[in-house]
Amino acid sequence: MKYFDYAATTPPHPDVIRTMAEIMETQFGNPSSIHGYGERADQLLRRARSGCATAIGVKPEEIVFTSGATESNNLAIKGAALRYQSRGRHIITTATEHASVYESFMQLQQWGWEVTLVPVNSDGEVNDQQVVDAIRPDTVLVSLMHVNNETGAIHPIAEIGKQLKKKAPRVLFHVDGVQGFGKMEARPAAWGADLYSLSAHKIRGPKGAGLLYVRSGVELTPLLSGGSQEQGLRAGTENVALLVGMAKAMRMAAEDQVDFARRTTVLRDRLMETIRAIPEFELNSRTEGAPHIVHFSYPGMKAEVALHTLEQLGVTISTQSACSSRSAEPSRALLAMGRDAACAGGGLRISLGDEHTEEDVALLEQALHQMVAQLRPLERRM
Amino acid sequence: MKYDMLLLRFGEFMLKGKNRARFEKTIITQVKALLKPYPGASLRKEYGRVYVDLGGESHTELIKVLKRVFGVMSISPVKVTPSELDEIVKTAVAFMDEREDEFKEGTTFKVNVRRVWKEFPNSSHEMNHLVGSPILRKFQQLSVDVREPDIELRVEIRDQGTYIFNETIPAVGGFPLGTNGKAMVLLSGGIDSPVAAWSSMRRGLEVECVHFYSYPFTSQRAKEKVIDLARALADHAGTIKLHLVPFTEIQTAFTQLGQDNLIITLMRRSMLRIASKLAERERALALITGDSLGQVASQTLPSMNVIGRATDLPLLRPLVMMDKQEIITLSKQIGTYDISILPYEDCCTLFVPKSPSTNPNLRIVDKIESTMSHLSEWVDQAVEQTETITLHAGETSVVTNQTEDNGMKDDWF
């Protein structure tokens with residue numbers, strides 16, 4: 001079985017697993033304890049923090065460790081909205097954001113905040129001018145993803161950050177960096193981002209570890225109350241082994257980023273050619289998008305059927321994003337891009353990782369051809 | 001606005017004619033040290049000024065760092081343009097365009113052109129008009145005031161290019177680092193001593209830090225805290241030497257004497273003796289402490305008298321007349337406050353007696369010390385066992401040592 005769902009999650013790197021196992025075995029102290037066990041755990045955490053900070057070019061004290069990007073996104077959005085509600089109750093995002101961002105916005109809407117969803121174009125990209133034009137005097141926060149998890153579409157984050165800093169320096173700018181880090185250059189501070197979320201398991205680190213970059217000077221209302229860990233922003237004993245694993249995975253991903261993009265772009269472009277050549281398919285990603293994601297639709301065929309057929313043929317890809325693929329709803333992102341319900345309900349995603357080779361992609365292409373041949377008689381009947 | 005370089009102007013020491021060259025050189029050394037973490041930036045010296053070419057680095061970030069250079073009075077972010085009339089006018093207008101948000105009806109401005117390169121065809125006076133007129137045409141809200149304008153757009157025409165700037169950001173001032181000699185600062189983990197160190201640096205002293213630790217009563221984290229404090233000072237100085245002195249033996253000996261109320265006095269006298277020996281070794285000519293009059297028992301006038309007599313070196317107390325709140329404000333400004341308030345015990349907070357003497361008697365203290373036959377031996381030993389580390393600007397906190405015997409492995413990261 002060949003796995004092509006790296007945007008959902010990646011197999012943890014063997015070196016990361018070994019590191020975490022060794023730490024769990026020998027360094028189980030609570031970093032808040034003042035005895036030697038605690039001190040050693042605290043030292044590990046400090047090194048992990050400074051490693052993570054280096055990988056995205058920020059300061060260690062600007063890193064808040066979390067359990068993953070869902071928590072980071074919730075803390076960034078609700079934490080900022082609650083902290084700065086005296087400035088106003090208007091927040092801005094798009095309809096194509098990840099569920100953890102979108103649903104945080106919807107929750108705030110229920111609590112009385114006003115939400116503007118800036119439209120995206122047919123490629124899934126937001127226009128920088130439209131974002132800036134959506135700013136009002138009572139706007140508190142703009143939240144955008146760097147790379148879309150379904151289609152690989154890229155928002156012009158750096159440009160938007162620059163314009164926000166110029167036009168509305170008090171409006172906080174949150175970037176969900178989950179699918180961008182390790183694939184594209186990630187420099188939240190240089191973009192003018194005030195908040196930036198990451199997750200470890202998308203870059204061959206462990207699940208259950210993530211971080212939020214909080215630019216110095218930005219304050220958040222914590223969502224979890226308790227101890228004073230993470231500068232009081234995130235109570236709870238830090239998961240030392242996983243966080244060190246994340247730091248290691250981030251270092252490796254940052255070091256490999258340019259090479260990764262070069263390798264996967266070749267494979268992705270080849271896959272795109274294949275998909276364009278199969279008349280049953282509609283390609284939804286563009287070559288200007290992220291190097292590791294190819295999204296396409298098979299109109300007239302239920303995506304799940306296509307997925308299971310491919311699995312029979314030895315390859316695993318995904319429908320929509322993993323976080324929403326168990327719901328029967330058509331993809332919010334694709335609907336926002338102007339696709340019809342049939343297309344939005346039948347999205348298929350191939351996402352590549354650092355291990356994939358030309359042979360793997362050849363195998364996948366062969367499976368795609370075979371799948372279409374097998375399913376052709378069933379088209380339109382489903 | 002994308003700036004090309006920063007212009008650094010020097011301060012009060014310019015008055016001292018003969019020293020100027022040495023002072024400038026010192027400033028350049030410090031600028032270089034602070035720019036280490038920013039490989040794009042490079043530096044150029046000219047009479048009475050230093051230019052930092054940004055080379056793609058962020059001007060806001062570099063201004064933040066270079067504002068700390070002792071002896072620098074002010075910084076201006078500069079746009080460089082070819083020395084041709086059209087280019088100069090175009091850039092000047094674009095420059096004002098950036099500022100348009102600040103303009104109100106009645107905002108006044110003036111153009112101040114300096115033609116350093118005399119081959120340039122138009123005179124400074126002509127240029128004021130040639131640059132000013134298109135700006136006035138474009139921004140109707142502006143009017144000219146040559147005496148006290150709200151905005152002064154400065155244009156310097158030079159052979160190699162024309163510099164356009166208008167902001168003058170005040171910097172830390174003072175004397176260039178080290179131009180008034182070197183001193184040892186006694187650095188505890190508290191709020192005051194880092195501020196004392198910084199204040200001394202601003203007066204042109206190079207400082208080396210001395211810290212006393214009482215392992216195993218205090219933790220590795222207390223030590224790391226002091227390393228972090230010294231590192232924060234290095235962000236101002238470029239580099240900082242930190243001497244870590246083992247103090248456990250002497251401290252324990254004092255607790256055995258049955259003279260609890262004098263422990264602090266005795267301890268501080270020993271610290272000064274050790275620091276004096278280190279100063280001699282490092283060719284420093286003074287000791288600096290964070291004492292502030294009346295703050296604690298050891299900082300009453302009688303205490304300062306008895307303690308101060310333990311050294312022959314000048315004892316500098318830059319904070320002696322300052323209020324705690326002023327000290328806290330400064331420590332926040334220089335970036336040491338958040339580190340200082342971390343809660344770990346250090347040797348100064350250990351064994352604090354219930355009622356430390358605020359009025360120690362020099363004769364009695366001398367007598368106690370004379371009965372401690374090993375005291376000078378211990379002082380020498382502490383100096384010998386002192387560990388010295390050097391910290392650099394822009395370094396982030398890392399665990400300094402003991403990774404191996406802790407069972408930690410570097411390859412985990």
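By convention in this document, chain letters (A, B, ...) are assigned in the order of the sequence lines, proteins followed by strands, and residues within each chain are numbered from 1. Computed from a prediction, not measured in an experiment: that's the story for all the values here.
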Participant: Check this for me: does any side-chain nitrogen of one of Lys409(B) and Asp411(B) sit under 4.0 Å from a carboxylate oxygen of the other?
Facilitator: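 Between Asp411(B) and Lys409(B) there is no salt bridge, as every charged N stays at least 4.0 Å from the carboxylate O atoms.
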
Participant: Tell me the closest heavy-atom pair linking Ala234(B) and Ala393(B), and the distance in Å.
Facilitator: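 Nearest heavy atoms, Ala234(B) then Ala393(B): O-CB, 3.3 Å.
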
Participant: Considering non-hydrogen atoms only, spot the tightest contact between Ser219(B) and Tyr344(B) and give its length.
Facilitator: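 Scanning both residues, the minimum pair turns out to be OG-CB, 4.5 Å.
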
Participant: May I ask you to say whether Lys79(B) pairs ionically with Glu98(B), meaning some side-chain N is under 4.0 Å from a carboxylate O?
Facilitator: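 No, no charged N to carboxylate O under 4.0 Å.
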
Participant: Could you tell me which residues in residues 222-243 of chain A have at least one non-hydrogen atom under 4.5 Å from a non-hydrogen atom of chain B, sorted by residue number?
Facilitator: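 Within residues 222-243 of chain A, near chain B: nothing under 4.5 Å.
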
Participant: Check Lys138(B) with Asp97(B), please: is the shortest side-chain N to carboxylate O separation under 4.0 Å?
Facilitator: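 Yes, Asp97(B) and Lys138(B) are salt-bridged.
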
Participant: Let me know if Gln27(A) has heavy atoms under 4.5 Å from chain B in its side chain, its backbone, both or neither.
Facilitator: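 The side chain, not the backbone.
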
Participant: With heavy-atom distances below 4.5 Å as the criterion, would you say the side chains of Tyr337(B) and Ile191(B) are in contact?
Facilitator: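 They are in side-chain contact.
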
Participant: Is Lys64(B) salt-bridged to Glu61(B), cutoff N-O under 4.0 Å?
Facilitator: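 Salt bridge flag = yes for Glu61(B) with Lys64(B).
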
Participant: Taking atom types as modelled and ignoring hydrogens, do the side chains of Ser72(A) and Thr66(A) form a donor-acceptor contact shorter than 3.5 angstrom?
Facilitator: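 Yes, because at least one side-chain N or O of Ser72(A) sits under 3.5 Å from a partner of the opposite role on Thr66(A).
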
Participant: Nearest 0.5 angstrom please: Leu391(B) CG to Leu229(B) CG, how far?
Facilitator: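 Leu391(B) CG to Leu229(B) CG: 10.5 Å, rounded to 0.5 Å.
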
Participant: Only heavy atoms, only distances under 4.5 angstrom. Which residues in residues 188-197 of chain A are near chain B?
Facilitator: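 So no residue qualifies.
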
Participant: I want to check a possible cation-pi pair here: Arg68(B) against Phe70(B), using under 6.0 Å from ring centre and within 45° of the ring axis as the test.
Facilitator: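 Not satisfied by the 6.0 Å and 45° rule.
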
Participant: Side chain from CB out, backbone as N, CA, C, O: work out which of these in Arg18(A) comes under 4.5 Å of a heavy atom of chain B, or both, or neither.
Facilitator: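 Contact with chain B is through the side chain of Arg18(A) alone.
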
